[in-house]
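For reference, the structure is listed below as structure tokens.
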Number of protein chains: 2
Amino acid sequence: MEVKLPEFDSVFSIDCVIFGFEAGELKILLIERNEEPFKDWLALPGYIVEQNESIDTAAERILYELTGLRDLHMEQFHTFGEVNRHPQGRVITVAYYALIRINGQKELRPVTQYAKKAFWHPVSELPKLAFDHSEIFKTGFNKIRRRLSYQPIAFELLPEKFTLTQLQMLYEAILSKKLDKRNFRKKMLSYGFLKELDEKQKGVSYRAAKLYKFDKRKYTKIFQSELTVEV
Amino acid sequence: MEVKLPEFDSVFSIDCVIFGFEAGELKILLIERNEEPFKDWLALPGYIVEQNESIDTAAERILYELTGLRDLHMEQFHTFGEVNRHPQGRVITVAYYALIRINGQKELRPVTQYAKKAFWHPVSELPKLAFDHSEIFKTGFNKIRRRLSYQPIAFELLPEKFTLTQLQMLYEAILSKKLDKRNFRKKMLSYGFLKELDEKQKGVSYRAAKLYKFDKRKYTKIFQSELTVEV
DNA sequence: ATTACATCGTGTTAAATATACACATTATCT
DNA sequence: AGATAATGTGTATATTTAACACGATGTAAT
């Protein structure tokens, strides 16, 4: 049965493309919708912006309400404003992305009834998504790729301690191409923001690799300053 | 006398940062407002999006109405959504930029009464602008700079035929730094999309420089394909 | 204890690109 | 004819990127 909702005037919404990395695969966060239109469809976590909140704040709130995730740094990447992108009226949506560490323990749980559930889904073989969310995802994925080539943003996806091979696999997953092991390591280490730990990988049935962690300070120092020029 | 306008609900608007280059200086297009709030202030060309037009279409229409300019390729670069950025209510604005050739002949003439006039203003020493337009400009300028370093977008600002020195001056204006003449030329020519003409600069009181033009085909072939990856 | 296995960790060479740097040439003007 | 002002050009060095293979190490099985 299709539920008819009232038509509305101009509305802003937020949609989130949240990337995670698990079991060697790049994934994004999806929800199953519990509201018309597109009830029961899969969609990016997204909802309507309130009158009294900035869009950045709205993005955080909405992601939390639909997935239970909070305190992640999201960045807006594009605004989608085709007239008929929403079947019930004019909705312009600002799309945000974030890269986060998938924490297996932590359950994803919507805190509103707008989503039935939230879950991670591999970016390869994404199903059809509600609205124009497939296009939003694609745009976001391309931004991430482009950005990865000039800024090391991949650390946000890995656990605190990681091996260089894990880091390389992640790069390969995002860029969809193989990289040379020796050159990759040389370059990553040359940046100077990887800290070698006195610790090794555990529980593998072969020679364990060294663990590294990411020195956020140095990273910020090196890369943040390049980004903006005061006018 | 202050005119009190009705409060409104959520509204989308567009603001445009249009760059031009004239007399060795980088300029942007400003209007003088003829409406409250900020009546008589200088501002970026911008106005409200209609219900039945996409934001891209709105951007073209609004720029035309406020300045008389049309048919330029604008690109959205950021959306500004602070709650109080507009004194009369909630207005979220999508900012667009474009780089265009300043055509001295063509008069800038608003076709609505919302702007008293439109004119080019050097980006150095910009006055205070209405709303958060100074911030919007700054964000746009930084995007352009970043983009210029990995994509040759400067040609859109020059007349059809230009000298290499003019091109270099433009790069220097955008990047705010001096470049080496020989290296600059070597690199530009190596791209292969500059076509050397059988013509020289006219009307200078010194040795005239060769004129070049920009081969859009080759340019597109080389640079467009790098931009997007199909998923 | 030996062996098989799987991944780790490492260095060199060649090619391409980026940087630094100075002066003779040419057209115009007086 | 000479002064002026900008054009147009080449080389040497440093840096970055790319290509490429194998011995070392820890685990597990016998």
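Just so it is clear, the structure is predicted and the values come from calculations on it, not from any experiment. Naming convention: chains lettered A, B, ... in sequence-line order (proteins, then strands); numbering from 1 in each chain.
- In this structure, CG of B:Asp180 is placed 15 Å from P of D:dT9, rounded to the nearest angstrom.
- Within the 4.5 Å cutoff, the side chain of A:Leu157 has no heavy atoms near those of the A:Ile100 side chain.
- In this structure, A:Phe12 has its ring center under 6.0 Å from that of B:Phe12.
- Taking the six-membered ring for Trp and the full ring otherwise, B:Phe193 and B:Phe155 have centroids separated by under 6.0 Å.
- At whole-Å resolution of the value, CZ in A:Phe184 and P in D:dA19 are 16 Å apart.
- In this structure, CD of A:Gln166 is placed 13 Å from P of C:dT7, rounded to the nearest angstrom.
- B:Phe119 carries B:Lys117 over the face of its six-membered ring, with the cationic atom under 6.0 Å from the centre and within 45° of the normal.
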Give every pair of a protein N or O atom and an N or O atom of nucleotides 11-18 of chain D that lie under 3.5 Å apart, one pair per line with the distance.
{"residue": "D:dT11", "atom": "O4", "partner": "B:Lys186", "partner atom": "NZ", "Å": "3.1"}

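- Contact check for A:Arg70 versus A:Leu63: no side-chain heavy atoms found under the 4.5 Å cut-off.
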Show me the donor-acceptor pairs, under 3.5 Å and distance only, between side chains in residues 205-216 of chain B and residues at least two apart or in other chains.
{"residue": "B:Lys210", "atom": "NZ", "partner": "B:Glu196", "partner atom": "OE2", "Å": "3.1"}
{"residue": "B:Asp215", "atom": "OD1", "partner": "B:Arg217", "partner atom": "N", "Å": "3.2"}
{"residue": "B:Asp215", "atom": "OD1", "partner": "B:Lys218", "partner atom": "N", "Å": "3.4"}

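- Taking atom CZ of B:Arg185 as the reference point, atom C1' of C:dT19 lies 17 Å away to the nearest angstrom.
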Please report the C-alpha distance between B:Arg109 and B:Glu65 in whole Å, then the side-chain angles of each, then the deciding distance to 0.1 Å, and finally whether the salt bridge (Lys or Arg N to Asp or Glu O under 4.0 Å) criterion is met. CA-CA 8 Å; B:Arg109 178 165 29 191; B:Glu65 289 181 0; over 6 Å; no
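- B:Thr165 comes within contact range of the sugar-phosphate backbone alone, with a heavy-atom separation under 4.0 Å but no base atom that close.
- Two rings, from B:Phe19 and B:Tyr97, have their centers 6.0 Å or more apart.
- The NZ-P distance, from A:Lys210 to C:dT7, rounds to 19 Å in whole Å.
- Note: CZ (A:Arg182) to P (D:dC22) measures 10 Å, nearest angstrom.
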Protein and nucleotides 23-30 of chain C: nitrogen or oxygen contacts under 3.5 angstrom:
{"residue": "C:dT25", "atom": "O2", "partner": "B:Arg207", "partner atom": "NH1", "Å": "2.7"}

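- The CG atom of A:Leu167 sits 15 Å away from the C1' atom of C:dC8 (whole-angstrom rounding).
- Counting non-hydrogen atoms of other residues, nucleotides and ligands closer than 6.0 Å to NZ of A:Lys116 gives a total above 12.
- Rounded to whole Å, the distance from CD on B:Gln201 to P on D:dA5 is 16 Å.
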